[in-house]
Structure formats: C-alpha cells, structure tokens
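Shown next, in structure tokens, is the structure this report addresses.
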Number of protein chains: 2
Amino acid sequence: MTEQPGRRERKKAATRQKIADTALRLFAEHGYDAVGIREVAAEADVAVTTLFSHFSSKEALVFEQDEDFEQRLVRAVTDRRPDEALIPALRREIHAMVRHCTADGAAPLWRMIEESPALRQYEEAMRQRHARSLATAIAADLGLPQITPTCGAVARFVVDAFSVARETDDPQAAVDEVFRMIEAAWAVAGATPPPRESVAV
Amino acid sequence: MTEQPGRRERKKAATRQKIADTALRLFAEHGYDAVGIREVAAEADVAVTTLFSHFSSKEALVFEQDEDFEQRLVRAVTDRRPDEALIPALRREIHAMVRHCTADGAAPLWRMIEESPALRQYEEAMRQRHARSLATAIAADLGLPQITPTCGAVARFVVDAFSVARETDDPQAAVDEVFRMIEAAWAVAGATPPPRESVAV
DNA sequence: TTTCAAAACACTAACCGTTAGTGCTATGGT
DNA sequence: ACCATAGCACTAACGGTTAGTGTTTTGAAA
C-alpha cells in the first residue's frame, strides 16, 4: 500500500543505476565491444547474474530509457488534450524525443550506437516493439477492438520519423518533413470509413 | 572473363546450398532453438568455420533469400517500365513478395520465424537494411545526389507495408490499404519542390 | 603440362553473452 | 519476533562466434 518506494526498492533502484552508470562509463572509455559483461559486473561490484536480473541483455544497458520512450509514445496518445488531434500530438512528442537525443550530453552516446551494428540492430527491434504498443494505443483511441493495418502502419510511420530524423543533419526539420507525409497518409486512411471487419472468418 | 560460373564457384554454391537445406530441414524437424550450429555443420558434413564462411550468423541460415529481397526492391525501382510510376511499381513488388511468403510451402517457415524472437529481430534489422538500399535507389531515380528525409521515409513506409501485412490475416488487402496511405504521403512529398539543400554547411 | 597463388575448407581452442541451479541474506509485513 | 519473499551471489555450463593455423582444391599463368 506504500505509495512511495520502500528501502528495499530504493536499494534495488540504486543497484540498477550503479550498474548502468558503470557500464556507460566503461563503454565510453574503452568502446562498447571492448568491454565485457564480466568487467562491467566486477567494476559495479555485483555478480554477473545480478546484472542480468536488472538488464535483459548487454545492449539493454545502453538503452536504459527503453520503457520511457515506449510510455511517452503511448501517453502522447492517451493523455493528450481532448481538442488535440492524434498526429499533431505525436509530432510534438517525436520532436521532444529527437531534441532529447540530440542534446549536448547525449551526443557521444548516440554516436556509439551508430557505430555498433549490435546496438543498431537492438534499437530497430526496440522501435518495433514501441510501434506495436503505439498501434494498440491508437486502435484503442479510435475505439477499435484491435489493431488494423492502418493503425499498424501509422504507428510504424511515426517511429520511422524518429529513425529517419536521426540520420539527417537537421533532425527537427526532417521530423516536420516526414510528419507532413504522415498527416497526408492519415487523412486518406481516416477518410475510409472504419473497416467493417478486419478479421476474416 | 568467363561469364558462367566455373567449377570452383559451382562447388561453392553447392556447399552453401547443402548447408542451407540441411539447416532448414533440421530446424523444421526439431525447432530452431533446439538445433545447434555444431549439429547443422556435422549433418551437412562441413566444419563450423566453413558454415560461418557462407553465412554470417545462425539467423542468416533462415533468411537465405536476404539479398534476393533486397535486389527485388531495388530493381522494382530501377528496372520498371518508363511509363510506370514509382509507388505502383513498388506496390506490385510488395504484393508479389507477400504472395511468395504466404505460399503453401513457405507457411511453416514463416511460422517458425514468428515464434522465435531472435529471428524476428533479425528480420527487422534485415528490412532496415533493405529500406536503406531502397532509399538510395529512389534518390537516384529522382536524380537526387543523396538520400533525403522524404526518400528515407517512403522507403521505410514501403517495407513497413510488408511487415504490417504479414501480421494480418488478409495480407493482400492490407498491402493495398497501406499503399493507399503511402500514395497520399508520396503525393504530398512530391508536391514540395526538390529540397533546395538537404545538407547543412 | 607443370607450376603457383589464391581461396575454400578443416580443426582446435578459445572468447563472450547468457542462463540454470543453488543457496545465502536482507527486507517488509504479520 | 518471525517468516515468506526477493534481491543477490557463486559456480559451471551452454551455444554462437571467431582467431589462428594448416591442408586441399582450383583456375590460370608459364
């Protein structure tokens, strides 16, 4: 019933944070590939198994904000002002996320990600999960019983906007450019009446 | 100068094929996770290192048609009839690919892929590579010196169409549905004059 | 044909991420 | 004060992947 985390959970969070900090520091110092899991665990003074009880993989150490991103996308749909349309709300959120990732302190981290195939692959898979969650949220927002191709597509388009923007030298402008396309795509999809039955017999 | 492959390359191709066939057979019989690389190599009567000289990873054994897919997407752009527009050409190709993957014989293979997280992740990363190649081809087709956000986005949208369609029970209809959105997105993008300068100073 | 360099192939042994199994210890609630 | 829970630790192993090294095959030059 305690709304605030107890001592136990605080300790757990501290351990998690210590592991993440240690890992990012070592990765920054020697490179992602050059640092082994055993080194991270030793430096953070925890057992390897403890590390894996907090993070599901080595790559997950780098994408600590995974669930954060996911929830921000979903909340951009569910928690938006009632008078705000779907796509503009998502555009604002993607803009904020891109700004967050291109901030001064975060630059080296994202450079490291770009340089590691393993991390790039993990990131893409992560975005796909996020797109799934977003698609579910969008379907719910429209009162649909389940994800339709249109929902799935627009959710993917939105996360694509992030990925495409990250590969350009003017990310904010790229987001606007891609969202102009998404807006048009969404208008066409919305024009078609709610799909009578998306599930076959 | 020999246009046709010599004995050497025929043998190499044969070895590759034998490995792939053996792997797919064992995976189908016992499941992807239950079969180890060493078993595949032993059953195909090659060394483990030989296997990895033909395939870059265990997952690559399943996606043997990787480069095939990539080339089909690119050729759909470059080799289309001069009077055919870009998006319809890509729609035809995606339709064909979906048909190919939902054909009778291929069904168990794709079910196996869906059930393995590792394979799903590999597939997503693969599609991302394909989107990159497609984006380059589209940019070239438009006479652009390099990939613009619009090119990158539309390429991703197209491969998204494939992924979204595969998750529905009427893939062909889903492809049409998503491509209606892509068509609209593309029309808006095309309306904006060729970006004056996509690269910052 | 003979010869030669390249490339495919093989083998061992290891590295690294990840997990099962087991048990200890601290914590929070009763 | 006590107990069930869960965080944490340790060992040992599994499975994918690669480095290092040497052998055989092959295509073509001499």
Side-chain angles (χ1 to χ4, degrees), chain A residues 1-20 22-24 26-27 30-64 116-123 125-126, chain B residues 1-20 22-24 26-27 30-64 116-123 125-126:
Chain A
M1 274 297 182
T2 59
E3 292 299 328
Q4 58 182 350
R7 190 171 305 147
R8 189 181 210 151
E9 299 176 22
R10 257 182 285 130
K11 275 194 138 184
K12 181 175 181 179
T15 300
R16 180 192 165 91
Q17 197 59 44
K18 185 177 182 183
I19 294 173
T22 304
L24 288 179
L26 291 181
F27 291 160
H30 309 105
Y32 178 76
D33 291 324
V35 179
I37 284 289
R38 289 163 179 83
E39 294 175 56
V40 175
E43 185 81 10
D45 200 31
V46 296
V48 174
T49 48
T50 300
L51 188 154
F52 277 107
S53 74
H54 285 277
F55 299 91
S56 61
S57 69
K58 185 186 182 184
E59 292 88 37
L61 286 167
V62 175
F63 293 97
E64 208 199 343
S116 164
L119 288 175
R120 289 195 65 87
Q121 174 160 349
Y122 184 89
E123 185 186 359
M126 183 183 79
Chain B
M1 276 294 184
T2 59
E3 293 299 327
Q4 59 182 349
R7 188 171 307 146
R8 188 181 211 152
E9 299 177 24
R10 257 181 286 131
K11 274 196 139 183
K12 181 176 181 179
T15 300
R16 180 192 165 91
Q17 196 61 42
K18 185 177 182 182
I19 295 172
T22 304
L24 288 179
L26 291 181
F27 291 159
H30 309 105
Y32 178 75
D33 292 323
V35 178
I37 284 289
R38 291 163 178 85
E39 295 174 56
V40 175
E43 184 80 10
D45 201 30
V46 296
V48 174
T49 48
T50 301
L51 187 154
F52 276 108
S53 73
H54 285 277
F55 299 91
S56 60
S57 69
K58 185 186 181 185
E59 292 89 40
L61 285 167
V62 174
F63 294 97
E64 207 200 343
S116 165
L119 289 175
R120 289 195 66 88
Q121 175 161 349
Y122 184 90
E123 185 186 1
M126 181 182 81

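Every chain is numbered from 1 and lettered A, B, ... according to where its sequence line falls, protein lines coming before strand lines.
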Take the protein atom [atom1] of [X] and the nucleotide atom [atom2] of [N], then report the distance between them rounded to whole Å.
X     : N      : atom1 : atom2 : result
B/I19 : D/dT17 : CD1   : P     : 14 Å
B/R16 : C/dA7  : CZ    : P     : 18 Å
B/Y32 : D/dG16 : OH    : P     : 8 Å

| field | Pairs meeting criterion salt bridge (charged side-chain N to carboxylate O under 4.0 Å, His left out) with involvement of residues 40-53 of chain B, two or more places apart | value | B/R25-B/E43

| task | Could you check if a side-chain atom of B/K12 sits within less than 4.5 angstrom of a side-chain atom of B/H54, using non-hydrogen atoms only? | result | yes

Checking [X] now: which residues fulfil side-chain hydrogen bond (donor to acceptor under 3.5 Å, both in side chains) with it, not counting sequence neighbours?
X     : answer
B/E39 : none
B/R38 : none
B/E64 : none

| What pairs with A/F52 under side-chain contact (heavy atoms from CB on, under 4.5 Å), at least two apart in sequence or on another chain? | A/I37, A/V48

| note | Residues of residues 34-42 of chain A with a heavy atom under 4.0 Å from any atom of DNA chain D, listed by number, are A/R38

| field | Residue-level proximity of residues 47-61 of chain B to DNA chain D when a heavy atom falls under 4.0 Å | value | B/V48, B/T49, B/F52, B/S57, B/K58

| message | Could you work out, with salt bridge (Lys or Arg N to Asp or Glu O under 4.0 Å) as the rule, every residue matching A/E123, not counting sequence neighbours? | response | A/R127, A/R166

| remark: Sorted by chain and residue number, the ring-ring contact (aromatic ring centres under 6.0 Å, His included) partners of A/F27 (sequence neighbours excluded) come out as A/Y32

| said: Does B/D33 reach a base, just sugar-phosphate, or nothing at all? Heavy atoms under 4.0 Å. | reply: nothing

